[in-house]
Amino acid sequence: MGKDECKTMLDALNKVTACYRHLVIALGSTSDSQNLREELKRTRKKAQELAVANRTKLTSLLKDKSISKDDRAEYERLWVLFSSSMELLEVDMKRSLEIGQDFPIKVPTRHLIQTGMTGSTTTVAARAMSVQNMKYEADSNIDTADLRDLQSEITQMSQMMEEMEMKVQVAPWAVEAKQEAGAELKSNMSVGNSSVGVISICEEEPKEEDGGGGRDAGFASICAVLVFFVIVTVALVLGYLVINMS
Amino acid sequence: MTINTLARGGWDREQMACFQKMEKVIVAMQDPDMGMKMRNQRLLITVIPHAMTGRDMITWLIQKYCICEEEALHISGMLVRYGYVYPLKEPRSLVLRPDESPYRFQSLNLFPLWINSFPSYMPSAIYLAKKNIRKQGELMEYEKERYSVLHKRINHTWDFVVMQAREQLRASKQRRKADRIVLECQEQAYWLINRPQPGAHNVLDMGLERPNNLSARVTLVSDIITFVKYSEQYQNHDPIMQGCLPSNPWISDDTAHWTMNLQIVPIPSRLRVERWSFSFMELLNDIMGRREFMIYLEKEFSAENLCFWQACEDIRHGESSRIVEKVEEIYKNFLTPGAARWVNVDSKTMDKTLKGIRHPHRFVMDDAQMHIYFLMKKDSYPRYLKSDLYKNLLAKAIVPQETKKR
């Protein structure tokens, strides 16, 4: 049904937007690399595809005069979600263009900022592209042709957003959110666990890192310690038996 | 560098130049040979690189730019206050401690200046939603308030906010633990600066001046024209250009000129009274002019306007400790309907002022004061200049005789 299809596509676009944001944060820092730029390019293209698909689908649904009032309200809500996603994407794309121009990768003109982030963003990009592993091509003109593409994509996107506002008559203020305040707390996702421990490190008392610090990593290390002791005990027992036997 | 033609929303040229300079300093610090000395931050199990101490920063600045310690303290303090560098211990205290306190560089994406060109509330809402999830609802009071305000304000897109917050958290789980910590600290520092706690100083506040979007050339030409006009008008009043009567005290040792031009004299000099006709501000700035104007207004039964203006000036320039009581007095005397000296302010300004009075500060009366100022300027002031009162004063005014040079 149209609604479910729309929702799936919107979820996908939402996912890509979030991942793109993560990738842009690493731009210009010491973890910036050829691979990151490629990840950005591919995530961006995926976002564009999803955006166009979403727009076409939603426009056709909203133009249909024969839908019920409830359906129409729902589509308008989805429309507002879609345009918010586009807003965020546009800002991130503009920012990545700026930084990309100021900090070229192939012929570095500036020192990269040491932000403390060292890991790669491959898994984030893989999540955005919905693939298991990312494959990279060594693109030689990542600094020039790609940035030009990015610029034209940004223009395309702004044009698309303007068209959207003109053609589709949806009053954003008339849309009511389905979620109430604090709805995110009732989620069934387990995002709470690992990150809750992590954030206490940033807060006032660094001493808290003892208690909260990396509950999942702490769990793993406790397991490792237990296994170690088990092995030592087994070794001692065996040694004792060997000595007894001889 | 990062400041180019993309929309920047109302920052003036001096502020942007200031940001450009700070960015240059930050980039210079990254030099692998001549840059800052980096250390590792050791947390319980994780080690995060790229930390530096406050003391290191000061030393580097002193060496690199050959400045004194005070200046280095000032510059590094600015870097922290504007969010180019954030503290790792006590993240809510955005000051630079010149000791072993650790700091780290902010991500380029989160450098200041950027968010103010993004006109929506969404990023702030997404951040609060993420924090809400991470802390299982344990937000600080002001954050909870902001959360509910935002929830009302952008209610139509709240579903997106929740969706995006969840997705961003899921995406961050894909990263290494160390990177996740860095990301969270970065974000927290960024929002502490861009949406500061109520009561904390907001460095990115543009202040009272309305941002001026005129192009540089137009302002330059109009400034020149204004200056030429001013010079022509005041030529005769300039003691150096025109000579002063009765004589220049520095030359003749006769202090008559000064005595005649004291703030309060029985009869003002003619030049002085003439100056009152140049601009309204000139009249108001002169104590005698103000007095004369007040006498005139009393005759016209509109003296409350000037009294109100004076009271507002008193607040603006007066002691902070007395601001609250002064505002209350003004409210009692001038703004309550049916007050003894009620001033005629338009309803929009009145509403705004009344709202502001609930949290009084030095500039709370500005809008109303400006309104009354312009009222007097357009209405009472021209009539005063044409009035008999003024003309008589002009006629009576002294034109001192030039004393013969010895």
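Just so we're on the same page: letters track the sequence lines, and every chain starts at 1. Bear in mind the structure is a predicted one, so any value in this text is a computation, not a measurement. These numbers come from the heavy atoms of this one structure, side chains and all, not from hydrogens, waters or symmetry mates.
Looking at A/T30, the atoms closer than 4.5 Å to chain B (heavy atoms on both sides) all sit in the side chain, from C-beta outward. With a threshold of 4.5 angstrom between heavy atoms, B/M38 approaches chain A through side-chain atoms but not through N, CA, C or O. Only the side chain of B/I126 has a heavy atom closer than 4.5 Å to any heavy atom of chain A. For chain B, the nearby parts of A/I113 are the backbone and the side chain; heavy atoms of each come within less than 4.5 Å. If you measure heavy-atom distances from B/Q106 to chain A, the contacts under 4.5 Å come from the backbone alone. Interface residue B/A129: backbone and side-chain heavy atoms are both found under 4.5 Å from chain A.
Closest approach of B/P32 to A/H111, counting heavy atoms only: CD-ND1, 3.6 Å. Residues A/R95 and B/F111 share a closest heavy-atom pair of NH2-CB, 4.0 Å. Nearest heavy atom pair, residue B/M163 against residue A/D11, reads CE-OD1, 3.7 Å. Nearest heavy atoms, A/T118 versus B/P49: CG2-CG, 3.6 Å. Residues B/F160 and A/S84 come closest through the heavy atom pair CD2-CB, 3.4 Å.
Of all the listed residues (B/V161, B/D31, B/N40, B/I154), the one sharing the greatest number of non-hydrogen pairs under 4.5 Å with chain A is B/D31. Counting heavy-atom pairs closer than 4.5 Å to chain B, the top-ranked of the candidates A/G116, A/G28, A/G119, A/S120 is A/G116. Put simply, of A/L81, A/T123, A/N14, the one with the most heavy-atom pairs under 4.5 Å next to chain B is A/N14.
When atom types are taken as modelled, the side chain of B/Q164 and the backbone of A/S85 share no donor-acceptor pair closer than 3.5 angstrom. Between the A/T115 side chain and the B/S107 main chain, no donor and acceptor come within less than 3.5 Å of each other. The backbone N or O of A/M117 sits nowhere less than 3.5 Å from a side-chain atom of B/R176 that would complete a donor-acceptor pair. A donor-acceptor pair under 3.5 Å links the side-chain atoms of A/H22 to the main chain of B/Q168, judged by distance alone. The closest donor-acceptor contact from the side chain of B/N109 to the backbone of A/A26 lies at 3.5 Å or more, if one exists at all.
With values rounded to the nearest 0.5 angstrom, A/L27 atom CG is found 8.0 Å from B/L108 atom CG. Rounding to the nearest 0.5 Å gives a distance of 12.5 Å between CD of B/Q30 and CZ of A/R110. B/Q174 CD to A/T121 OG1: the interatomic distance, rounded to the nearest 0.5 Å, is 11.5 Å.
Checked for salt-bridge contact, A/R127 and B/E167 meet the test: a charged N lies under 4.0 Å from a carboxylate O.
In this structure, B/K21 places its NZ atom where only 12 or fewer heavy-atom neighbours from other residues, nucleotides or ligands lie under 6.0 Å away.
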